[in-house]
Amino acid sequence: MMAAATSTLPFTERSNPLTQNIDVADCKGIVDILHSCDEEMLAGSFQFPGLQDDSTVRTILGAVDHIAAIMQEPEDHLVVMSGCGTSGRMAFLAATTCNRLLIQSGRKACCVYLIAGGDRALLTSQEAPEDDPLLGASELQQAVTGKKKVFYIGITCGLSAPYVAGQLDYCLQHLETFTPLLMGFNPVQLARDHGIEKWDKTVKDVVVEMEQATKDNKAFILNPVVGPEPITGSTRMKGGSATKILLDTILLLAAQKTVDQCAINEHTVRTFLGAYSQCVESVYSKADDISCLVSNAGKSLQASGHIYYFGLGTAGIMGCIDASECVPTYGSDPTDVRGFVRGGYDTLNNAAGCLDNLGPLYRLSWKNFCDDILGRFNSSDSAIFLLSSPDELGDCTELAEQLKKTGVHVMAVLYNFQPTDAKVMVSFSTVFPQSVLLQMPPVPATGGSTALRAAACRRLGEFALKLVCNSVSTGAHIMVGKVFQNFMVDVQIRNNKLFYRAIRIVQHLSDCSQDTATRAVLSALYDTDDVTSLADINVSQHVERGTKQGKVVPVALLCAALQLSPRQARQQLMVTPVIRHAILAGINK
Ligand code: S6P
């Protein structure tokens, strides 16, 4: 094997031994494999501290103390959470839900989020701004204008995003105002060390400076290792889930400390983290039901249909987030998987407000769905309702019944913390004969007000829905051949990280040298056999091209594995779109 030595590869980019045959598993098999990965995320044991280890718990407590202090003085103190892609979306969800809790508790909001690419990145893939540290720094500077103290949480699962590195660097230069916390899931020595265009530092340089600042008690690094992703490099999965666990735990406990004046200690933190382990088990105890959803969703994609999520409140937002990630991960069409939220932008509660005018992909309310899509909704499509309480059944019934008339699969996922009333369940299964009922474990009794406990239920429920939605979209894309072993073979080259990941995928799967893999990727990217003139072009230009050019990795793989020209490879893929089959067909010719 010529691929890069595993020990120098960040955990977030490694191939997970648990999932190497996920592409040939049946639906139940896929869900079972994802279960073992999520257990691995919570258990850790990768020779580095994991989510529940002492050092992680201590860092969480440190962050709780700082944020609780900020919550006491919301006029001129601020918590900023920031990231790219999924990390930014998790920051958005954490900031908006924490503000809501504070307001409900008679306090003032004190959290803001930043996401590379702005609010449009909440719904669609905007991967390029991730590469820009200066953009990151200037957006942070703007966000904190007039604030005296800022607790900044920069999230980059891979310790890899220049956008976040630029912000951390800015914090480090203004430590009189900022206390920065870096959140990610690699050891610091595996932070990204690639050169960044128009910047004199690498992400690793900044991480090393952060390390020094933590020694001086001026910063925090929260980087438990959660193990490789189920689909290699897809940090929307374990990375996104671990981010949610950490942000929710920190913010809920900080709110509990401030609002309810509860003492928060290591035991409280551990109790909270333990609730997430229980949640994972509750979710996957319904593996059979989840695999039915995967099967229907996969059949929809196989028939060129669509998967639509519908939800109220943050349950609906979880669907939108899951949908937004399918494009960069699987090179899917942005209309293949979509999420719709009742109330649209009023529910999303994003900083920039309504984005309807940006185009059809930004029309996200149920009403928008009825106006734009319902008329062409057909039996190849799948509809999945996401519910956070049986009380929401009434709100969903009308739309669900309308959809059922089209002969489509209408399914539901409901999480519930109360013992489920038998009568309610009968009406529920009448409207949704195919459903997943997640009976959630009790929320940890760590003290706190009713509002706080209700918020904790919501956060755990969102986490449960995330796991189910991730299973559905991952499983469905596996069923249409977008995964080879455990690699996302149709990943789009939309930023610097993805350019190098594409090369690694080709190198690994066709067992060639890095040089051959790079030439194959460039050849597929520019549709040419002669790549000599491309050697000196900046990666940002490859990214610009990669954003427009489809099927680069599949074409490059066939070029490298079967010595085809890009043209021949594209022809082969027209006949045999599933890459594993295309390679076998080529070999058997
Ligand atoms: C990953 C997702 C990406 C990442 C983004 C940020 O599945 O498609 O959008 O979230 O690239 O990555 P990171 O490592 O900085 O959190």
Side-chain angles (χ1 to χ4, degrees), residues 9-14 16 37 81-94 113-117 120-133 135-136 153-168 182-186 190-192 194 196 202-204 206-207 222-223 225-226 228-244 246-247 320-332 334 337 466 469-470 473-474 477 482-483 486-488 490-502 505 543 546-547:
L9 203 57
F11 279 92
T12 51
E13 292 288 332
R14 289 184 196 176
N16 193 326
C37 289
M81 288 166 259
S82 176
C84 313
T86 303
S87 298
R89 293 175 197 123
M90 291 301 138
F92 150 77
L93 195 61
Y113 66 91
L114 292 172
I115 178 166
R120 62 169 67 210
L122 296 173
L123 301 170
T124 60
S125 154
Q126 307 289 327
E127 307 291 322
E130 176 170 335
D131 287 339
D132 194 340
L135 176 73
I153 304 182
I155 309 151
T156 169
C157 298
L159 303 194
S160 57
Y163 178 86
V164 172
Q167 296 180 336
L168 287 168
L182 164 62
M183 186 182 290
F185 306 103
N186 284 314
L190 297 182
R192 199 147 190 263
H194 279 248
I196 296 171
T202 67
V203 176
K204 189 167 183 179
V206 178
V207 173
L222 187 49
N223 60 334
V225 170
V226 296
E229 293 291 344
I231 304 301
T232 308
S234 182
T235 49
R236 77 189 192 106
M237 302 187 75
K238 283 164 117 183
S241 298
T243 301
K244 182 157 173 54
L246 291 174
L247 289 179
C320 291
I321 292 179
D322 186 78
S324 70
E325 295 158 343
C326 295
V327 177
T329 312
Y330 298 113
S332 56
V337 187
K466 178 181 185 297
C469 292
N470 285 173
S473 56
T474 302
H477 283 98
K482 297 286 192 168
V483 173
N486 55 10
F487 292 91
M488 38 168 125
D490 212 353
V491 63
Q492 270 198 302
I493 298 179
R494 286 170 163 256
N495 62 28
N496 188 296
K497 172 178 80 176
L498 297 174
F499 175 72
Y500 288 104
R501 185 182 296 159
I505 292 174
V543 168
T547 306

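Counting starts at 1 for both ligands and their atoms, in listed order. We count residues from 1, following the sequence as given.
Under the 4.5 Å side-chain criterion, counting only non-hydrogen atoms from C-beta, Glu13 is in contact with Lys497. Side-chain contact between Ile155 and Leu247: present, with at least one pair of heavy atoms (C-beta onward) separated by less than 4.5 Å. Using a 4.5 Å cut-off on side-chain heavy atoms (C-beta onward), Thr124 and Val327 make no contact. Using a 4.5 Å heavy-atom cutoff, the side chains of Thr474 and Pro230 are not in contact. Using a 4.5 Å cut-off on side-chain heavy atoms (C-beta onward), Lys482 and Ile231 make no contact.
For atom 15 (O) of ligand 1, the nearest protein heavy atom (residue, atom name, distance) is Thr156 OG1, 2.7 Å. The nearest protein atom to atom 10 (O) of ligand 1, hydrogens excluded, is given as Thr86 N, 2.9 Å; this is a heavy-atom distance. Looking from atom 5 (C) of ligand 1 to the surrounding protein, the closest heavy atom is Glu130 OE1, 3.3 Å. Of all protein heavy atoms, the one closest to atom 16 (O) of ligand 1 is Ser87 OG, 2.6 Å. Annotation: atom 6 (C) of ligand 1 to nearest protein heavy atom, Cys84 O, 3.2 Å.
For the residues Arg494, Arg89, Glu127, the heavy atom positioned nearest atom 3 (C) of ligand 1 is part of Glu127.
Using a 4.0 Å heavy-atom cutoff, Glu325 is absent from the residues neighbouring ligand 1. The closest approach between any non-hydrogen atom of Ser160 and ligand 1 is below 4.0 Å. Ligand 1 has at least one atom lying under 4.0 Å from a heavy atom of Lys497.
Short contacts between ligand 1 and Ala161, defined as distances under 4.0 Å to a heavy atom of the residue, involve ligand atoms 15 (O). Every atom of ligand 1 with a heavy atom of Arg236 under 4.0 Å away is listed here by number and element: 1 (C), 7 (O). Listed by atom number, the atoms of ligand 1 under 4.0 Å from Cys157 heavy atoms are 13 (P), 14 (O), 15 (O), 16 (O). Per-residue contacts place Gly158 under 4.0 angstrom from the following atoms of ligand 1 (heavy atoms of the residue considered): 14 (O). Ligand-side atoms of ligand 1 in range of Gly85: 9 (O), 10 (O), range being under 4.0 angstrom from any heavy atom.
Considering every non-hydrogen atom in both Gln167 and Ser82, the closest pair reads OE1-OG, 2.7 Å.
Asn223 and Asn186 are not linked by any side-chain donor-acceptor pair at a separation below 3.5 angstrom, with hydrogens and angles left out of the test. Side chains of Ser324 and Arg236: no donor on one and acceptor on the other come within 3.5 Å.
In Ser234, the parts holding a heavy atom less than 4.0 Å from any atom of ligand 1 are both the side chain and the backbone. With a heavy-atom cut-off of 4.0 Å, Met237 does not touch ligand 1 at all.
Judged by distance alone, with hydrogens and angles left aside, the side-chain atoms of Thr232 form a donor-acceptor pair with the main-chain N or O of Asn486 at under 3.5 Å. In this structure, Arg89 contributes its side chain and Ala121 its backbone to a donor-acceptor pair below 3.5 Å.
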